[in-house]
There are 2 protein chains.
Amino acid sequence: MDVQIPVEEEIIDLAEFLKTFGDPTRLRILFLLRNGELGVQAIGDALGLHQTTVSHQLKLLRHLRLLRYRKEGRGVFYALNDSHIEQILEIGMQHIQEQI
Amino acid sequence: MDVQIPVEEEIIDLAEFLKTFGDPTRLRILFLLRNGELGVQAIGDALGLHQTTVSHQLKLLRHLRLLRYRKEGRGVFYALNDSHIEQILEIGMQHIQEQI
DNA sequence: TTAATACATGTATATATGTTCATATATAAT
DNA sequence: ATTATATATGAACATATATACATGTATTAA
């Protein structure tokens, strides 16, 4: 009994979701946010990135639901959206550390 | 006590590894191989891909250790390398299926 | 209202990536 | 040795992507 390959649309969505983990800047943002929510400026300062670079990446990360956000005053605070995100980071780290 | 962000080299390696999951063709190959090892031709036939397309992607997948391979006669058989691969596919599917 | 702060968006550009065509290599069959 | 089969590799091209600059929007302060 064969395991099914997801249908085209699911494959596309899954690729789009997982692709998001494939960039060093976005990974740094995700790892940083494991310590809790942060504003855009704070993320840029912590990682040495331009504000626009951060905003563009945050837009992607929230559209693909890796992050959620909360507006307060004139600030916007971003946080990891669910446990899937940390799970993938964790498994990925395990994989790259298993060099022979 | 803050969780550490991995060092630059680890971030780069992790991004390179996870980026590999971010393409529909490669995802199809990975899902297909959940049923067991297959040769290059068989993969192309099953997914309707050119032999060269498959070979190029397999090269990537094996270099980043998502797949291992085994030569037998004039064939080369590819298989999922370890459980991390299926775990990431599984978590990713959970994520995209959790639409509100 | 005006200025300041925080964030988002549009556009341009350099670089990366996926696929295809042409061709190479390796093993097996005749 | 020649031919056939299975896979790999190199190069070219079209498309996608990350970043930076310029600018827009929203909220708060003066």
Side-chain angles (χ1 to χ4, degrees), chain A residues 5 8 11-33 36-79 81, chain B residues 5 8 11-33 36-79 81:
Chain A
I5 298 177
E8 184 68 9
I11 289 280
I12 301 285
D13 290 349
L14 182 58
E16 211 175 349
F17 170 61
L18 293 174
K19 189 190 301 179
T20 313
F21 291 88
D23 174 75
T25 299
R26 287 191 293 269
L27 285 182
R28 281 189 208 100
I29 293 173
L30 295 174
F31 276 108
L32 181 64
L33 293 177
E37 66 172 15
L38 282 176
V40 179
Q41 202 79 6
I43 295 173
D45 290 349
L47 302 176
L49 300 170
H50 288 202
Q51 181 262 314
T52 54
T53 300
V54 176
S55 271
H56 278 297
Q57 296 295 9
L58 290 175
K59 182 178 185 175
L60 235 171
L61 290 166
R62 90 184 169 245
H63 282 162
L64 290 158
R65 297 179 302 112
L66 281 82
L67 301 182
R68 54 190 156 76
Y69 66 101
R70 178 178 73 77
K71 292 188 173 189
E72 184 183 311
R74 53 191 159 185
V76 180
F77 296 88
Y78 285 85
N81 186 43
Chain B
I5 298 177
E8 183 69 9
I11 289 281
I12 300 286
D13 289 349
L14 182 58
E16 212 175 348
F17 170 61
L18 292 174
K19 188 188 301 178
T20 314
F21 291 88
D23 173 75
T25 301
R26 287 191 293 269
L27 285 183
R28 282 190 208 101
I29 293 173
L30 295 175
F31 276 107
L32 181 64
L33 293 178
E37 65 172 16
L38 283 176
V40 179
Q41 202 78 6
I43 295 172
D45 290 348
L47 302 176
L49 299 170
H50 287 201
Q51 180 262 314
T52 54
T53 299
V54 175
S55 269
H56 278 299
Q57 298 294 11
L58 291 175
K59 183 179 184 174
L60 234 173
L61 291 165
R62 88 183 173 247
H63 281 162
L64 290 158
R65 296 180 301 113
L66 282 80
L67 301 182
R68 55 189 154 75
Y69 66 101
R70 176 177 75 77
K71 291 188 173 186
E72 183 183 312
R74 54 191 157 181
V76 179
F77 296 88
Y78 285 84
N81 186 45

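These numbers come from the heavy atoms of this one structure, side chains and all, not from hydrogens, waters or symmetry mates. Throughout, a chain's letter reflects where its sequence line sits, starting with A, and its residues are numbered from 1. Values in this document were obtained by computation on a predicted structure and should not be read as measured data.
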Q. Would Arg68(B) and Tyr78(B) count as having a side-chain donor-acceptor pair, cut-off 3.5 Å?
A. no
For residues 41-59 of chain B, which side-chain donor-acceptor pairs fall under 3.5 Å, sequence neighbours excluded?
from, atom 1, to, atom 2, distance (Å)
Gln51(B), NE2, Ser55(B), OG, 3.1
Gln57(B), OE1, Arg26(B), NH1, 2.9

Q: Within residues 39-49 of chain B, find the residues that approach DNA chain C with a heavy atom at under 4.0 Å, and present them sorted by residue number.
A: none
Q) Should Phe21(A) and Lys19(B) count as side-chain neighbours, where that means a heavy-atom distance under 4.5 Å? A) no
Q) Does Thr52(B) place a side-chain N or O at less than 4.0 Å from the phosphate oxygens OP1/OP2 of dT9(D)? A) no
(Q) Classify Gln51(B) by what it touches in the nucleic acid, base, sugar-phosphate, or nothing, heavy-atom distance under 4.0 Å. (A) base
Q | Student check: side-chain heavy atoms of Leu61(A) and Asn81(A) closer than 4.5 Å | A | no
Q. With a non-hydrogen cut-off below 4.0 angstrom, is Lys19(B) in contact with a base, only sugar-phosphate, or nothing?
A. sugar-phosphate
**Q.** Under 5.5 Å and under 30°: His56(A) stacked on dT9(C)
**A.** yes
Q. What is the minimum heavy-atom distance between Lys71(A) and Val76(A), and which atoms define it?
A. CG-CG2, 4.1 Å
**Q.** Glu72(B) CD - dA6(D) P separation (whole Å)
**A.** 13 Å
Q) Do Ile29(A) and Leu38(A) touch side chain to side chain, with heavy atoms closer than 4.5 Å? A) no
Q) Want to settle it: does Thr25(A) or Phe77(B) sit nearer the 5' end of DNA chain D, counting the closest nucleotide to each? A) Phe77(B)
Q | Under 4.0 angstrom between Thr53(A) side-chain N/O and dT19(D) OP1 or OP2 | A | no
Q) Quick one: Lys71(B) NZ to dA28(C) P, roughly how many Å, whole number? A) 11 Å
**Q.** Whole-Å distance separating the CG atom of Leu58(B) from the P atom of dT19(C)
**A.** 12 Å
Q: Look at the side chain of Arg62(A) and decide which nucleotide, out of dT19(D), dA8(C), dT20(C), has an atom nearest to it.
A: dA8(C)
Q: Establish, with yes or no, whether the OP1 or OP2 oxygen of dT19(C) is under 4.0 angstrom from a side-chain nitrogen or oxygen of Gln57(B).
A: yes
**Q.** Nearest-neighbour nucleotide for the Arg74(A) side chain, dT19(D), dA6(C), dT19(C) considered
**A.** dA6(C)
(Q) What is the distance, to the nearest angstrom, from the CZ atom on Arg28(A) to the P atom on dT19(D)? (A) 9 Å
(Q) Can you measure Tyr69(B) atom OH to dT7(D) atom P for me and round it to whole angstrom units? (A) 13 Å
Q | Contact summary for Ile11(A) and Leu27(B), nearest pair of heavy atoms | A | O-CD1, 3.7 Å
**Q.** Least distance between heavy atoms, Ile12(B) atom then Pro24(A) atom
**A.** CD1-CG, 4.1 Å
Q.
Distance check needed: dA16(C) P versus Asp23(B) CG, whole Å only.
A. 18 Å
Q: Select base, sugar-phosphate, or nothing to describe what Tyr78(B) touches, counting heavy atoms under 4.0 Å on all strands.
A: sugar-phosphate
Q: In whole angstrom, give the distance that lies between atom NZ of Lys59(B) and atom C1' of dT17(C).
A: 14 Å
Q.
Using whole Å, what does the distance between atom C1' of nucleotide dA16(C) and atom CZ of Arg26(A) come to?
A. 13 Å
